[in-house]
Protein chains: 2
Amino acid sequence: MASIKTIAKLAQTSVASVSRVLNNSGYVSAELRAKVEAAIAQTNYQPSSDARVLRGGKSNLVGILLPSIDVQFFGILAQSMEQALFDLGYQSFICSTAESAAHEARYVAMFLSRRVGGVIAASAEAGAAHFAPLRARGIPIVAIDRDLHGYASDAIVIDHDLGGRMMAQHLIDFGHRKIAVIGAPLHSQSIQRRLAGVRAALAQSGLEPVSQQLGKTHDFAQSYDLASRALANRPTGLIGLTDIAAIGAIHAAHDLGLRIPHDLSIIGFDNIPSAAFVLPRLTTIAQPIRHLGRSAAEMLHRLIIGEPQTLAQALPALTLIQRDTTAPPCAA
Amino acid sequence: MASIKTIAKLAQTSVASVSRVLNNSGYVSAELRAKVEAAIAQTNYQPSSDARVLRGGKSNLVGILLPSIDVQFFGILAQSMEQALFDLGYQSFICSTAESAAHEARYVAMFLSRRVGGVIAASAEAGAAHFAPLRARGIPIVAIDRDLHGYASDAIVIDHDLGGRMMAQHLIDFGHRKIAVIGAPLHSQSIQRRLAGVRAALAQSGLEPVSQQLGKTHDFAQSYDLASRALANRPTGLIGLTDIAAIGAIHAAHDLGLRIPHDLSIIGFDNIPSAAFVLPRLTTIAQPIRHLGRSAAEMLHRLIIGEPQTLAQALPALTLIQRDTTAPPCAA
DNA sequence: TTCCCCTCTGGTATCGATTACATAGTGGTA
DNA sequence: TACCACTATGTAATCGATACCAGAGGGGAA
């Protein structure tokens, strides 16, 4: 493997001069610079990051911890963070933890031995104790999507409570009074917050859900079951705490012979691409996913270089995307 | 930052002994081992990978190059590769190139300076010349989904041609004779192969597409447009070369008042989750995505450790998933 | 007793890069 | 001429870990 010595030998000079050429530091004659550059081009030499980091340079490595990247929400998030970080000069370890704390701990140990400069995490809810060693070394942690009680230096989290209120209010404004709620995974902080928002808005109108079904795993099959159960109570409106839940509900309603939105209105949350793919197209609350990712990347960068944080991070607003699954109740 | 010296001082011994404890090599008394382990636990010390690699150890780093991870196909692929590689003891750089050769070249330079042990790539089609430096250093490259003419040590690529044939044959078997094809991106090798398969199967039955619409970018809006154009020729069957294309076609048909599958049969390719989310649920050819990812990971591992390859890699078969969008033509 | 082998430990060269410092030549100015 | 500043280059220490080597005891065999 070509090293700086190889280049020095090829260019008939010392490693110090090669280094000066590489870093544009100190004095180098034009003649020598040319010889060195020729040698570099000839061998396709790339200086070893390991050696540089060891010597005391910055590592430019960051860890990204997500529950998974095979669901679109996190896939999009991961992509936007990775891109933004790469443009800022960092390289990312994208790790999917499958919601397992044990997996998370293994990844954290890896981050430590790789000497990452910072971490962005949407952690499994269980407990965040394994983040302690990172904190102890002063490695900044940005929480995304889910808060990281006490361990994160900062957090990019949307107002799930408000999102819940918006969903409920949309149906209430249409005149719905018999409203059901379904969602998963129930142990997720974000889901709980959205649910709280839904219930708060309903309560404000003197209502409460005619049915509330929370599941353990967040997948299509489970959502279908939850919706089937919820529909037994004959709601005219149904709130899916995620788009996947809402899409499951569309299928369940369809199989029961209900027309959407004539017999049943459905609203979701996230605005993943699939929401626009289903027929009828799903009304939902859009999270600015890519924006969240970029913000997290920029925030981490500021923490790493030690720039003082702008106090109030203005997060982009949630927006209602009205499509074809919501309308006033007609059954009345 | 705690280093091996810190530990040695804490345990009142030398760095050599600490190293022996860390690696279970050579002789260490039980007493000393205990002292060292206590010091390690106390400081949460993790040895620096940089130093280890520098010293000549294996880097255990691999690069994964994909066009994107925000589309589900590649998100699932990335996740399965990352998991399999992590379990094999590797850490992955997952990089999305946005189909740009320039981006790809930057990532390759990064891989070089990070001294990755191997690379898995689904490359932009343009040209693969920037992979030459990797080859030159003997770093194994596994191509996935798309071949990498001449640069890859090996490739995990499904039989797209066969897949194309299967789609066409399914419609032909139902009795369709007026068949249209749409898909994107047209510069993709996989898409071209599938198209060739479709045309070959049609030709075998003395048919040719009543309309063939290929687009540049692979997204929903474009697919919708392509489908609208294709439907002008009144086909009874439509082949989407990807599920996204097929889903776009479902919407276009719906908006034209066509009933599926009564007036029009539609078949897709990939079997991404959204295919089961649309209504009616999409008939498609399933790629064993996770299996492909795992195979690529294992193959790269074998290349890295220099194990002789089993000659014929038996790839899992493509399977037809019949759902609700295909049926015999009724309009007749 | 002498010699050898096994156990245990510490010192130190090494990997590839950066950088402080030393050295040396050149040109200008007092 | 003597001195200084500037340019140009090389030598060597350093980062954190590993591994080779040396050396110190201890025990058994000849």
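Chain naming here is simple, since letters A, B, ... match the order of the sequence lines and numbering starts at 1 in each. None of these values were measured; they are calculated from a predicted model.
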query = Are the side chain of B:Gln72 and the backbone N or O of A:Val71 linked by a donor-acceptor pair below 3.5 Å?
reply = no
ask   = Looking at B:Arg290 and A:Asp70, does any basic side-chain N land under 4.0 Å from a carboxylate oxygen?
value = yes
ask   = With the threshold set at 4.0 Å, does a side-chain nitrogen-carboxylate oxygen contact exist between A:Glu37 and A:Arg33?
value = yes
Considering just the side-chain nitrogens and oxygens of [X], establish if one lies under 4.0 Å of OP1 or OP2 belonging to [N].
X        : N      : result
A:Thr13  : D:dG10 : yes
A:Arg52  : C:dC15 : no
B:Lys5   : D:dA17 : no
B:Arg115 : C:dA17 : yes

Separation of [X] atom [atom1] from [N] atom [atom2], in whole Å?
X        : N      : atom1 : atom2 : answer
A:Lys9   : C:dG16 : NZ    : P     : 11 Å
B:Leu54  : C:dT14 : CG    : P     : 14 Å
B:Arg137 : C:dG16 : CZ    : P     : 13 Å
A:Ile7   : C:dC15 : CD1   : C1'   : 16 Å
A:Lys58  : C:dA17 : NZ    : P     : 19 Å

ask   = Nearest to the side chain of A:Ser3 - C:dA17, D:dG16, C:dC15?
value = C:dA17
ask   = Of the nucleotides C:dA17, D:dC15, D:dA17, which one has an atom closest to the side chain of B:Ile4?
value = D:dA17
task = Please work out which residues in residues 14-24 of chain B have a non-hydrogen atom less than 4.0 Å from an atom of DNA chain C and list them by number.
result = B:Ser14, B:Val15, B:Ala16, B:Ser17, B:Arg20
message = To check you understand the geometry: which heavy-atom pair defines the closest contact between B:His160 and B:Arg193, and what is its length?
response = CB-CB, 3.5 Å
task = Using the six-membered ring wherever Trp is involved, compare the ring planes of B:His301 and B:Tyr90 and label them parallel, tilted or perpendicular (cut-offs 30° and 60°).
result = perpendicular
ask   = Relative to each other, are the rings of B:Tyr107 and A:Phe86 parallel, tilted or perpendicular (30° and 60° limits)?
value = tilted
Is it the case that [X] and [Y] place a side-chain donor and acceptor less than 3.5 Å from each other?
X        : Y        : answer
B:Ser123 : B:Glu104 : yes
B:Ser92  : B:Glu82  : no
A:Arg52  : A:Ser49  : no

query = Heavy-atom contacts under 4.0 Å between residues 28-46 of chain A and DNA chain D, which residues?
reply = A:Val28, A:Ser29, A:Leu32
